[in-house]
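Step one of this worksheet: look at the structure below.
Indexing begins at 1, ligand by ligand and atom by atom, following the structure's order.
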Amino acid sequence: MGSTRQGAVVRFVSAPMGHSIDVRLDALTSAFPCAAGAPATKTIAGCASGQTFYIETFGCQMNVHDSEKVAGVLLGRGYRQVETPEAAHLVFYNTCSIREKAAQKVFSRLGQFKAGQDAGKLIGVLGCVAQQEGEQIFERAPWVSLVCGSASYRKLPELLAELEGGNRRVTGLETDTDETFETEMTRRDHPFRAYLTIIEGCDKACAYCVVPYTRGPERSRPSPSVLEEVRQLADAGYSEVQLLGQTVNSYRDPSPRRMSFAELLLAVAGVAGIRRVRFTTSHPRDFHAEIVEAIDAVPALCDHVHLPVQSGSSRVLRAMQRTYTREEYLEKIALIRAARRPVSVTTDIIVGFPGETEEDFEETLSLLDLAQYDGAFSFKFSPRPNTPALALADPIPEEEKGRRLAILQERQRRIQTTRNETLIGQAFEVLVDGQSRKEGQWAGRTSSNRVLNFTSSRESLLGNYIQVRVTRAGPNSLVGEHVI
Ligand code: 5AD
Ligand code: SF4
């Protein structure tokens, strides 16, 4: 369904106080070719006089939002965004290295530039592959000029100034930082939902995961700064915010207010104009009753929790260094299922972790039956550089991983179909975020984050909250009609 660019805004923030204003992206890019019309509060440390940039993002929502902030920095320097790498002077790839396949994608993109017709273009690799591969990227793809990991984005203005000054080997690769990446300006792509990073990095040490290496240590943003940004987003017309973090509920407020994560959720939901608050991803170890109590108390907190389990076998969970057992995880699920309103739960699962026996895998399948997830992202284990799992014996053959994945996905598909079918006949509030080319066909999301495709005789529904009755259900989405 995809989001439209309609109403996309650029937010100007005067650091360090965090005061900001939002302007529509189209207004900014056409009217301010060199961002000269930016408000007086804003410092523009350079001007690329009408140079253009293209940015492609791979991976998670954190990356998507990082790209919005990087785009904000570039717009602030006078670059103009274009839709194709061919049309751009500056081409950025914001990369993901969570699994081998994701990491390979960027090298296939970089391969397209070899031909030589791209002389004069500046190519930058950002994100997790940049952090992981570092300067080796220059060797593999000598036409790359910038390699920068997410923990160094704060330095982007300086790095860009170096690039603009003619330096062709610019890097930002430190991870030992306690800084978060708060930009003076953020270009937001989604017209109705605003992402907001509240905690960066990760201090957990899951044996399979590159994130602690690529995104650095955990660091939370002070709650007053988060709340100020939410107020500005509400003023700019956003009614839905999504709080982001690799382990969002491990949030520890560094400000003297020392808000717990649940208190922060309540405070965000209490901002005038905010109708929906989402948060992702939660780590089971830091998931407590207080969060469910907050969801129960305040309807603006969406009834959806993404709680990755990774495996249903305590033995594998221990090998994965996940810090909880199957039983402890199921206790967290029980907390959520005991909420006064139904809260949907989704998860991530890895099959074929080294040493995973058929019995372990069966335990994962039985956990699916017990947890009754509303959605699951499942993956074949992919060995990653620097991770402890690389050294583990007993790798599972690719073919076997594929077999397990197919079985698991089929089991989960059936669970979702059955769960979604129970919703037929019920009406839900959706935020309308998509319009089909076919007249009268729309799409929206429920508070539980289900996609609901529906028909309506009304016009101009985008961005509105309306009631839709479910008439049909599939495993991944619902079909319904506008209740007028
Ligand atoms: N192999 C397969 N899946 C992985 N994930 C993280 N690292 C790996 C890996 N090495 C999955 C986990 C995580 C999700 C974002 O990606 O399930 O929750
Ligand atoms: Fe990776 Fe584990 Fe941190 Fe999630 S909690 S980002 S899986 S190390």
Residues Asp286, Lys204: salt bridge by 4.0 Å N-O rule: yes
Distance filter under 4.0 Å to Thr247 heavy atoms, resulting ligand 2 atoms: 5 (S)
Structural part of Gln310 in contact with ligand 1, heavy atom criterion under 4.0 angstrom: side chain
Test side chain to side chain contact (heavy atoms under 4.5 Å, CB included) applied to Leu423 and Arg450, step by step: CA-CA 11 Å; Leu423 306 177; Arg450 287 186 171 86; 3.5 Å; yes
Identity of the nearest option to atom 16 (O) of ligand 1, non-hydrogen atoms only, from Arg384, Gln246, Arg99: Arg99
Protein contact of atom 15 (C) of ligand 1 - nearest heavy atom, named by residue and atom, plus distance: Asp348 OD2, 3.7 Å
For ligand 2, the portion of Pro212 having any non-hydrogen atom under 4.0 Å away: side chain
Sole residue of Arg419, Arg411, Arg414 in salt bridge (charged side-chain N to carboxylate O under 4.0 Å, His left out) with Asp369: Arg411
Any Arg215 heavy atom less than 4.0 Å to ligand 2: no
Whether Thr347 side chain and Val309 backbone form a donor-acceptor pair below 3.5 Å: yes
For atom 2 (C) of ligand 1, closest protein heavy-atom neighbour: Lys380 O, 3.3 Å
His283: numbered ligand 2 atoms lying under 4.0 Å from its heavy atoms: 5 (S)
Flag for Ser447-Asp303: side-chain donor and acceptor within less than 3.5 Å: yes
Where ligand 1 meets Phe381 - atom numbers and elements under 4.0 angstrom, heavy-atom basis: 1 (N), 2 (C)
Criterion salt bridge (charged side-chain N to carboxylate O under 4.0 Å, His left out) against Arg221, the qualifying member of Glu229, Glu179, Glu228: Glu229
Check: Asn63/Thr57 side-chain N/O donor and acceptor closer than 3.5 Å: no
Tyr238 six-ring face occupied by Arg193 cation (under 6.0 Å, within 45°): no
For Tyr208, the ligand 2 atoms whose distance to one of its heavy atoms is below 4.0 Å: 7 (S)
Ser260 and Glu290: side chain donor to acceptor below 3.5 Å: yes
Part of Tyr208 with heavy atoms under 4.0 Å of ligand 1, whether side chain, backbone, both or neither: both
Heavy-atom nearest neighbour in the protein, as seen from atom 1 (N) of ligand 1, with distance rounded to 0.1 Å: Ser382 N, 2.9 Å
Side-chain donor-acceptor pair present, Arg404, Ser378, cut-off under 3.5 Å: no
Heteroatom N/O/S of Cys202 within less than 2.8 Å of atom 3 (Fe) of ligand 2: yes
Residue and atom name of the nearest protein heavy atom (relative to atom 1 (Fe) of ligand 2), distance in Å to one decimal: Cys209 SG, 2.2 Å
Ligand-residue contact atoms, ligand 2 with Cys206, heavy atoms, under 4.0 Å: 2 (Fe), 5 (S), 7 (S), 8 (S)
Location of contacts on Ile98 toward ligand 1, heavy atoms closer than 4.0 Å: both
